[in-house]
A.B. asks: 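Would you mind keeping the following structure in view while I ask a few things?
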Amino acid sequence: MITKMRLPNGIINSNSQHLIGAGELFTTGTVFYVDSVTGSNGNKGTDPKLPFATVDAAISACTANKGDTVVVMPGHAETVTATSIALDVAGVTIVGYGNGLKRPAFTFGAAAATITVTGANCGWSGCHFIGNFLDVASAFTLGAAKDFSLINNTFVDNSSALGFLSIVVTNATANAADGLTVVGNEWTGLDVSPNAFVSILEANKRITITDNYVFSAATNDVGHFITLAAFNILSAKIQRNVLIVTGSTGATVGIFLTGSGTASLGVVSDNFISSLDTTTELIATAGTGLDFFRNEYTGVADKSGYILPAIDSAA
């Protein structure tokens, strides 16, 4: 006989099959639970009353490409080191539950502290990440991790001296980060000289970076939202993002996006950028290869933005 039991947060257990709803996320794989308050890595983790204590233990229990989900319970707190969390099992989704300060929180306490992703088709959503060391290089570092999704998370620096340099950094192997999706995240950055929110270090395709908010105290002359270096990205959708950065007058590189790939193909549209730069007003470095539509910029507080790059008025 199949019994059915309703668990917290909309999770339904019917013996061997689990169904979890988080926005538009559903899975019929195994659900593992994580709670630093009540958990132990000696548990099996499949019962919310007997969860794992760490995310990495739950990931290790997953089976590749079976739709397994790791549910991180409200109030969970975990310190991230350079090796403590490796998302290295393909097809695993990490979902944080809770609202406000009860969301699962991950604190980065070393410059090299990062969550490494080397499993394809993985995702992470609904969690809070805290930069608590000088120049934490990146919250997420991608290896061979095609189709990684980072959705609806928040990132915050603890102070101007304790925070992240970047949130997502790919590796330097072409197409290793194909299908990267970064949607609905927010970063409050207090460091005055960080790097970009997303740093893409090789040619990749199917890149989606939409509906993110970055509030940054940065005054350095870099691309603050996305950097592409000289690499090409194909089928890129960079849309509806907001970048509010202190900036500096006379920026020489694109405030929002830098890159010089000669064969990039994609759309950059409906983004909103604010910076103190009223001299060059350069939101993107020339030569990105991407097409721009309806992006607005302002260099003056309390003034409405205007479209940059300038509208082509040619007949």
Side-chain angles (χ1 to χ4, degrees), residues 6-13 18-64 66-81 83-109 113-119 121-132 139-141 145 148-156 164 167-168 181-187:
R6 184 171 295 276
L7 301 174
N9 299 308
I11 303 164
I12 298 174
N13 179 303
H18 300 256
L19 176 67
I20 175 171
E24 296 183 356
L25 169 65
F26 296 93
T27 181
T28 55
T30 302
V31 177
F32 296 96
Y33 302 89
V34 177
D35 189 341
S36 61
V37 179
T38 64
S40 167
N41 287 344
N43 293 334
K44 290 185 177 180
T46 52
D47 185 335
K49 294 181 180 179
L50 295 169
F52 288 119
T54 65
V55 168
D56 198 63
I59 294 170
S60 296
C62 292
T63 301
K66 294 297 184 180
D68 289 353
T69 299
V70 175
V71 173
V72 192
M73 304 293 275
H76 175 81
E78 190 166 342
T79 298
V80 179
T81 70
T83 58
S84 62
I85 302 178
L87 188 46
D88 54 1
V89 179
V92 172
T93 300
I94 314 293
V95 181
Y97 275 79
N99 295 313
L101 295 180
K102 292 302 291 183
R103 286 172 301 154
F106 297 83
T107 300
F108 295 66
T114 191
I115 296 171
T116 58
V117 184
T118 56
N121 312 306
C122 290
W124 199 304
S125 66
C127 293
H128 183 57
F129 302 89
I130 304 163
N132 194 42
F140 286 84
T141 302
F148 175 66
S149 297
L150 188 67
I151 299 175
N152 293 339
N153 301 281
T154 54
F155 302 83
V156 63
F164 299 105
I167 301 305
V168 178
T181 298
V182 181
V183 175
N185 301 282
E186 181 178 306
W187 177 22

A.B. asks: Which atoms form the tightest heavy-atom contact between Gly75 and Val37, and what is the distance?
C.D. replies: O-CG2, 4.1 Å
A.B. asks: Side-chain contact, heavy-atom cut-off 4.5 Å: Thr69 with Val95?
C.D. replies: yes
A.B. asks: Return the set of residues passing side chain to side chain contact (heavy atoms under 4.5 Å, CB included) with Ile59 (not counting sequence neighbours), or none when no residue passes.
C.D. replies: Val55, Ile85, Leu87, Asp88, Val89, Ile94
A.B. asks: In Å, rounded to the nearest 0.5 Å, how long is the span from CZ of Phe108 to OG of Ser84?
C.D. replies: 8.0 Å
A.B. asks: Where is the tightest heavy-atom contact between Ala53 and Glu78, given as atom of each residue plus distance?
C.D. replies: O-OE1, 4.4 Å
A.B. asks: Provide the closest heavy-atom pair for Gly91 versus Cys122 in the form atom of the first, atom of the second, distance.
C.D. replies: N-SG, 3.7 Å
A.B. asks: Any chance you could lay out the side chain to side chain contact (heavy atoms under 4.5 Å, CB included) test for His128 and Ile130, step after step, and finish with the verdict?
C.D. replies: CA-CA 7 Å; His128 183 57; Ile130 304 163; 3.8 Å; yes
A.B. asks: Kindly write out the residues that satisfy side chain to side chain contact (heavy atoms under 4.5 Å, CB included) with Ala145, not counting sequence neighbours, or none if the list is empty.
C.D. replies: Val117, Leu142
A.B. asks: Not counting sequence neighbours, which residues clear side-chain hydrogen bond (donor to acceptor under 3.5 Å, both in side chains) with Thr141? List them please.
C.D. replies: Thr114
A.B. asks: Measuring from Tyr97:OH to Cys127:SG, what's the distance to the nearest 0.5 Å?
C.D. replies: 11.0 Å
A.B. asks: Sub-3.5 Å donor-acceptor pair from the side chain of Ser36 to the main-chain atoms of Ala77, do we have one?
C.D. replies: yes
A.B. asks: Do Pro51 and Val34 touch side chain to side chain, with heavy atoms closer than 4.5 Å?
C.D. replies: no
A.B. asks: What's the shortest heavy-atom distance between Asn153 and Leu150, and which atoms?
C.D. replies: ND2-CD1, 3.4 Å
A.B. asks: Taking side-chain hydrogen bond (donor to acceptor under 3.5 Å, both in side chains) as the definition, give me every residue that meets it alongside Asn41, ordered by chain and number, with sequence neighbours left out.
C.D. replies: Thr54
A.B. asks: For Ser40, give me all partners under side chain to side chain contact (heavy atoms under 4.5 Å, CB included), at least two apart in sequence or on another chain.
C.D. replies: Asn43
A.B. asks: Does the ring center of Phe129 lie less than 6.0 Å from the ring center of Phe140?
C.D. replies: yes
A.B. asks: Can you name the residues that form a ring pair (Phe, Tyr, Trp, His ring centres under 6.0 Å) with Phe52, not counting sequence neighbours?
C.D. replies: none
A.B. asks: Please name all residues satisfying side-chain hydrogen bond (donor to acceptor under 3.5 Å, both in side chains) with Asp35, sequence neighbours left out, ordered by chain then number.
C.D. replies: Thr38
A.B. asks: Can a donor-acceptor pair be found, under 3.5 Å and without considering hydrogens, that links the side chain of Asn121 to the backbone of Ala90?
C.D. replies: no
A.B. asks: Starting at CD of Glu186, measure out to CG of Asn152 and round the result to the nearest 0.5 Å.
C.D. replies: 11.0 Å
A.B. asks: Say you draw a straight line from CZ of Phe164 to CH2 of Trp187; how long is it, rounded to the nearest 0.5 Å?
C.D. replies: 8.5 Å
A.B. asks: Asp56: which residues meet the side-chain hydrogen bond (donor to acceptor under 3.5 Å, both in side chains) condition with it, sequence neighbours left out?
C.D. replies: none
A.B. asks: Identify, with sequence neighbours excluded, every residue that meets ring pair (Phe, Tyr, Trp, His ring centres under 6.0 Å) alongside Phe32.
C.D. replies: none
A.B. asks: Working note: Asn185 + Ile167, criterion side chain to side chain contact (heavy atoms under 4.5 Å, CB included); need CA distance, chi angles, decisive distance, verdict.
C.D. replies: CA-CA 10 Å; Asn185 301 282; Ile167 301 305; over 6 Å; no
A.B. asks: Could you pull out all residues at least two apart from Thr79 that satisfy side chain to side chain contact (heavy atoms under 4.5 Å, CB included)?
C.D. replies: none
